[in-house]
Amino acid sequence: MDDIFTRTGNRKRVYALAGFTVRCNVQGWFFRRTDYDDDWRGPYASETSVCLMIARALKKELLKRDGLPN
């Protein structure tokens, strides 16, 4: 069986990921990285949609940091 964990020696990984800020107004849901000034992304229709977009951003960050296959 050839999976990512056997190829990397079954080592445990811990990631400190960037924080996000989420807001809701009459136009919809928006998010940005907490440490950026005015890079708001959105609008999204629901809190579920905005959470999924944050999850996609975190996945991209994981792949970039560790070079894991997607």
Side-chain angles (χ1 to χ4, degrees):
M1 180 168 99
D2 185 32
D3 62 15
I4 187 64
F5 297 110
T6 55
R7 286 183 299 207
T8 58
N10 291 327
R11 67 178 184 231
K12 189 183 275 189
R13 289 183 164 81
V14 176
Y15 298 94
L17 300 171
F20 289 87
T21 301
V22 176
R23 75 174 181 189
C24 180
N25 60 26
V26 293
Q27 295 145 343
W29 290 85
F30 295 82
F31 79 96
R32 69 177 172 98
R33 288 192 182 270
T34 302
D35 53 347
Y36 291 143
D37 288 336
D38 260 346
D39 187 24
W40 289 99
R41 298 179 193 176
Y44 297 98
S46 68
E47 56 272 85
T48 302
S49 296
V50 78
C51 288
L52 288 172
M53 293 307 294
I54 291 171
R56 289 182 71 196
L58 291 173
K59 179 185 176 197
K60 286 179 187 178
E61 186 174 335
L62 282 175
L63 292 174
K64 185 174 80 173
R65 283 187 186 189
D66 202 32
L68 294 171
N70 49 0

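Predicted, not measured: the structure shown is a model, and the values here were computed from it. Residue numbers count from 1 along this sequence.
Tyr44 and Leu58 fall within a single hydrophobic cluster, where Ile, Leu, Val, Met, Phe, Trp and Tyr side chains are chained together by heavy-atom contacts under 4.5 Å.
Contact record, Gly42 with Phe30: C-CE2, 3.6 Å, taken as the closest heavy-atom pair. Scanning all heavy atoms of the two residues, the minimum distance from Pro43 to Gly28 falls at CB-CA, 4.2 Å.
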Taking only distance into account, with no hydrogens and no angle test, what donor-acceptor pairs under 3.5 Å do side-chain atoms of residues 47-57 form with protein atoms, sequence neighbours excluded?
unit_1, atom_1, unit_2, atom_2, d
Ser49, OG, Ser46, OG, 3.3

